[in-house]
Protein chains: 4
Amino acid sequence: MSPKQVKVAIVGASGYSGEELVRLLLHHPQAELTAVTSRQYAGQTVAQIFPKFASHPLARSLRFSEPNPEVLAKQAGIVFLALPHGVAAEYAIPLLNLGCKVIDLSADFRLRSAEVYKEFYGADHPAPDLLAKAVYGLPEVYRSAIKDAALIASPGCYPTSILLPVIPLLRAKMVQPQSIIADSLSGVSGAGRKAELDYLFCECNESVRPYGVPKHRHLSEIEEQLSMAAQTKLVIQFTPHLIPVNRGILTTLYLAPTTGFQSAGEMAELGRQIAACYQAAYGHEPFVRLLEGKALPDTKNVTGTNAIEIAWRLDPRTGRLLVMSAEDNIVKGAGGQAVQSMNIQCGFPETAGLV
Amino acid sequence: MSPKQVKVAIVGASGYSGEELVRLLLHHPQAELTAVTSRQYAGQTVAQIFPKFASHPLARSLRFSEPNPEVLAKQAGIVFLALPHGVAAEYAIPLLNLGCKVIDLSADFRLRSAEVYKEFYGADHPAPDLLAKAVYGLPEVYRSAIKDAALIASPGCYPTSILLPVIPLLRAKMVQPQSIIADSLSGVSGAGRKAELDYLFCECNESVRPYGVPKHRHLSEIEEQLSMAAQTKLVIQFTPHLIPVNRGILTTLYLAPTTGFQSAGEMAELGRQIAACYQAAYGHEPFVRLLEGKALPDTKNVTGTNAIEIAWRLDPRTGRLLVMSAEDNIVKGAGGQAVQSMNIQCGFPETAGLV
Amino acid sequence: MSPKQVKVAIVGASGYSGEELVRLLLHHPQAELTAVTSRQYAGQTVAQIFPKFASHPLARSLRFSEPNPEVLAKQAGIVFLALPHGVAAEYAIPLLNLGCKVIDLSADFRLRSAEVYKEFYGADHPAPDLLAKAVYGLPEVYRSAIKDAALIASPGCYPTSILLPVIPLLRAKMVQPQSIIADSLSGVSGAGRKAELDYLFCECNESVRPYGVPKHRHLSEIEEQLSMAAQTKLVIQFTPHLIPVNRGILTTLYLAPTTGFQSAGEMAELGRQIAACYQAAYGHEPFVRLLEGKALPDTKNVTGTNAIEIAWRLDPRTGRLLVMSAEDNIVKGAGGQAVQSMNIQCGFPETAGLV
Amino acid sequence: MSPKQVKVAIVGASGYSGEELVRLLLHHPQAELTAVTSRQYAGQTVAQIFPKFASHPLARSLRFSEPNPEVLAKQAGIVFLALPHGVAAEYAIPLLNLGCKVIDLSADFRLRSAEVYKEFYGADHPAPDLLAKAVYGLPEVYRSAIKDAALIASPGCYPTSILLPVIPLLRAKMVQPQSIIADSLSGVSGAGRKAELDYLFCECNESVRPYGVPKHRHLSEIEEQLSMAAQTKLVIQFTPHLIPVNRGILTTLYLAPTTGFQSAGEMAELGRQIAACYQAAYGHEPFVRLLEGKALPDTKNVTGTNAIEIAWRLDPRTGRLLVMSAEDNIVKGAGGQAVQSMNIQCGFPETAGLV
């Protein structure tokens, strides 16, 4: 084992994203997990609450504690917040003041605009001054800013599945900004570990349903990021659906190319440009898998990993461009991406603890 | 029990649609199931092959037979064909000549154009003369023609989930014909009872994946029907996905209204028109459920039934109309709809054996 | 439709067993559902709470009401109680006094002994005087007593899956009373519609686990009934497991025959006796399916139906008798069996509304 | 990365066990995967057949080859065989002669007796001379023999889930040898990646069923191993069931202690002895998790890992001892255990590549 080079803590480690962070950080070669907090489970070991980690010695000794910023600041240099929106900011402020770096998995610092926050989250932003300091933790897009950030706002699960496929196309002016439709299917872990009837086994199994239409909260960060990529304010259509799997998001995107393609030759040429655009953006990215040939994304190829699969097709009948992506909502869409940001912050190999 | 008034047979009763037809016809109050055929299972009783039906006396006595049109024509006045496309026509021709009415669940007679058939199914149509005689068996749209048809082409599962929500809007000129995007999620029974690796439990469970993009065969009948409704030739975007449920199709449709809506008042007015359009089309339909209030379709509300749920939303941010539907792919999308057509043909109550 | 001959009500219709009772009674040819109660849903229609029933006109008009025995007694002659144990008795007492017949799906009246109730349910029995009047509603065993009962205690789901296979063998003295081991696997609906973390989709999917060992509450009624059949007090080993299906119980029983079988001839002879025993007990029962040949029970053959499948094997290597059963825990194990009892009470065909 | 110290190959890498071996060996810190064979996929890369591994560089370059012992012997010092029984021996013989060490995941070398092989597998053993040389690859029991073995017969999935909980009790004479009943529930991957109707998604989902009763092939190795532990020939009762999960085996064991326990004091004393027995056997084992307190095994705590969970309960009502275990059938029950044996053979840390 390499020597552990950074001490890390997780605040709010009892949900599905927190649990995944625990898994990843227990096994990380260079980070040492020194504290996990949970009001509900304070005093119990990680192994007692998450028996699946019981084979790891640290899981048998490390106990959940009450979340206390002053204590945490002594235990860790980097603190992950896996808390509900609104609550995360309450911890981020003192932790930053105490000199910690903060990687927040909630929505609290993902937006640049406190007004948009209020529109979508229905409350005044708890720390508007911090919005300008936060870096949106999408490594493939903001790698250099992440490196020096004290506060990283790790993207939402749906946004990750949409932004990675669309940003390169918008930056290259290859698709019309107002044309974007995102149809997303998410596993039930996306709803969190909450005791609600809607997420009982019998209510989800043998069921598929849209929800949150037409104005899901994640639209705020998706549109803010896409607007920056397009250099114009845009709105998108986004429909999330709940499907009976534990993990995974499959997003199908419908886009209008800026260049039409009438003939087979034009289509082939546009295809080459799209391929080149993706290759330039992601050809060297360790976690973005550009599918080739007839392959299409399948969540079972990415669950448990930090990878995102992307494939695309031009449809000569409709003139549209289809792009499809698959990721694990609680790895690349949450805990894994947060660890990827930490690796960048710390100067570790970006794939450390993630493959 | 009412006296049985018509004798019916099923050719190709070993697949999932055939099995569902068996279930429905065993319990139908006015139809008597007199023959079921299956090359593979000939000689065995229905109860031996489908133990779930073993409580029904007829399932314990009725045996699968080899398919023979001359024998079938003596056993039944109406013959359901639950066969692969191409094969169905081979049976439809002699059965019609022998005086039977035929309800075909395959794609063989769903199109009016033999050329389109060849384009999408890759073979010359086996009986092009019959195309003009066949009636597309979508009762809510073609009820009167179904009544007198000798040959009914029962619609595909995906097409049903798309046509019922879209046709009234197109007929009323409320949506732009070339704007239609249909994103569909289907249970695994849609792939049929075929021993292929792709449909093994472990390959489908904890997996979601698109397939057949961008030109699925069902596009041919969807576009033919929608073009008739719009009175203009149109193409649509259609993306099917496989999800880990046994039964159910959830379709989300993205449409551009012909009337824009900028203000809240315009949106409310357009909403009233859409509601009135659907009410006029389906307000009295026994199997179309127009959802109200905040309700959204969920396949678990329709599986095992012949119902289709439909809900819609106007999105003031994008100017689009979203329509969502849920059906059971092997009931309303296959066997149930076929029985509904039979009920119309025979003058039975349309819901007989279906509720 | 036959004229409705009896008015029925359901108290506590919002759980899974209550929902199944609603389904069965909405479609029952001779019973008219006149009232459904639920504190939580009072004022809403059945169709609003259970959209899957919305195609039925009564579901769209019938509203949940607050449970009030005096009102219920005017609305219905037979009242089904789908309430937690302890609570059911509170309603049974006044309803019986008001002249209703009561079919209780809880554990409150399943035992003859108030002491055993206290041992297993941890509280004094709320109405010990009624225990002697209640009839255990297992139709295949207590049909004649059910016919005249004012208070029927409908059996638990696990007990049904164990009692039906074992009682005939014990009565015929074919198995040793103290040898019985029952290993049962239940779908998640058995846990009820309760908002608890343990029954969330992500906690049950891709999971199998025993629970309630070694002294599950259902042991009390199982052992009381089996002791009566054996005419000796016995205890059994019973291990329930939770498996990721919505519905279904599969029970595997391990029994020691009273007659050993060393040779192939002895085994064949004992096999004939067992077959004859089951045939005598259940050969004419409409809901008990004795499997033949190589067939083994499978929950998918019985879900949604009131049937129980039973198969058995003698093992010449160990000298044991294996018996396996499959039922739907909320039909034969709950609502369906309760309706079966009602049919007997009312003199309807026993299968009315159940096939 | 540590330098790779041993070259390994997998013959028959296209099934679920082979796939899991690929996963484990791609990431193993000290083993270098140099060859994978598959007649069906020869010429294609590992990443093409198993897209989930595509993030690993070696998966993108390593191609499946035709299985050829002479070539394999040049490529690898240790060869894993993930082949059907009967076929494995055909490769084991030449590979051993060519100087390779062989770790066979099939049943071919698990038995000491060629006669028992013939009884259970229905064919003459293909290499009876090798039976005496093979070591049964259950590390917790045969660690020292594994260290020096040239041919390791890796145990079956069901046997592992039964042998680990029972062997210490039999060795300590704490349970009666002829009393053992094992009721096992397996995920569908246990059936292999075979295109058969029985294992289609729709045939397994919402289904539970016993199979292979009463004489499953795995009984042969279970009884041979348990007889050695008990120092007396014994037979056991074993019932496998198929449940709708991808991975995982849950086994519930019913045992008769040799010491009765009438009083609470006797029960407590026996409990202490059992706990001590397990502690002595497995207290220091990295992959055996002895559960404490109220915890019971759950497959979701072990899937994807090489751990086995074990819990036990004395039942004062019946005098029996219940033992329950949970493992991942294709990790501890197949590929993971095989890698554990390799680690022992090679002198690597036993957990290398497995945590």
Side-chain angles (χ1 to χ4, degrees), chain A residues 12-20 22-23 38-41 44 48-52 54 157 185-211 241-249 299-300 303-304 328-331 333-335, chain C residues 13-20 22-23 38-41 44 48-52 54 82 157 185-211 241-249 299-300 303-304 328-331 333-335:
Chain A
S14 61
Y16 291 123
S17 293
E19 180 182 352
E20 192 68 12
V22 170
R23 179 178 78 87
S38 160
R39 290 231 156 86
Q40 183 181 7
Y41 299 129
Q44 297 189 267
Q48 285 171 312
I49 302 307
F50 300 129
K52 71 171 73 163
C157 52
L185 319 177
S186 173
V188 185
S189 60
R193 185 182 265 128
K194 285 179 295 194
E196 296 183 8
L197 290 178
D198 279 355
Y199 308 116
L200 289 181
F201 182 84
C202 295
E203 303 301 317
C204 295
N205 187 38
E206 290 296 294
S207 159
V208 204
R209 44 181 143 138
Y211 70 98
H241 300 74
L242 198 67
I243 55 169
V245 297
N246 282 3
R247 293 165 169 236
I249 284 182
T299 56
K300 73 168 174 275
T303 41
D328 184 324
N329 58 307
I330 54 175
V331 186
Chain C
S14 61
Y16 291 123
S17 293
E19 180 182 353
E20 192 68 13
V22 170
R23 179 178 78 87
S38 161
R39 288 230 156 86
Q40 184 181 6
Y41 299 130
Q44 297 188 266
Q48 285 171 313
I49 302 307
F50 300 129
K52 71 171 73 165
C157 51
L185 320 177
S186 173
V188 186
S189 60
R193 187 183 263 127
K194 285 179 295 194
E196 295 183 8
L197 290 179
D198 279 354
Y199 308 117
L200 290 181
F201 182 83
C202 295
E203 303 302 317
C204 295
N205 187 39
E206 290 296 293
S207 159
V208 203
R209 43 181 144 139
Y211 68 98
H241 300 74
L242 198 68
I243 55 169
V245 298
N246 282 2
R247 294 165 169 236
I249 285 181
T299 57
K300 72 168 176 276
T303 40
D328 185 326
N329 57 308
I330 53 176
V331 187

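Residue numbering restarts at 1 for every chain, and letters A, B, ... go by the order of the sequence lines. Model, not experiment: these values are computed from the prediction.
Considering every non-hydrogen atom in both C:Asn246 and A:Asn205, the closest pair reads OD1-ND2, 2.9 Å. The minimum heavy-atom distance between C:Glu196 and A:Leu200, with the atom names listed, is O-CD2, 4.1 Å. For the pair A:Tyr41 and C:Leu197, the tightest heavy-atom approach, listed with the atom from each and the gap, is OH-CD1, 4.2 Å.
Going from atom SG of C:Cys202 over to atom CD1 of A:Ile330 covers 7.5 Å, rounded to the nearest 0.5 Å. Atoms OH and CD, on C:Tyr16 and A:Glu203 in that order, are 3.5 Å from each other to the nearest 0.5 Å.
For the set C:Glu206, C:Arg193, C:Arg247, the entry with the most heavy-atom pairs within less than 4.5 Å of chain A is C:Arg193. Comparing C:Pro244, C:Gly187, C:Ala191 by how many heavy-atom pairs each has under 4.5 Å with chain A, the most go to C:Pro244.
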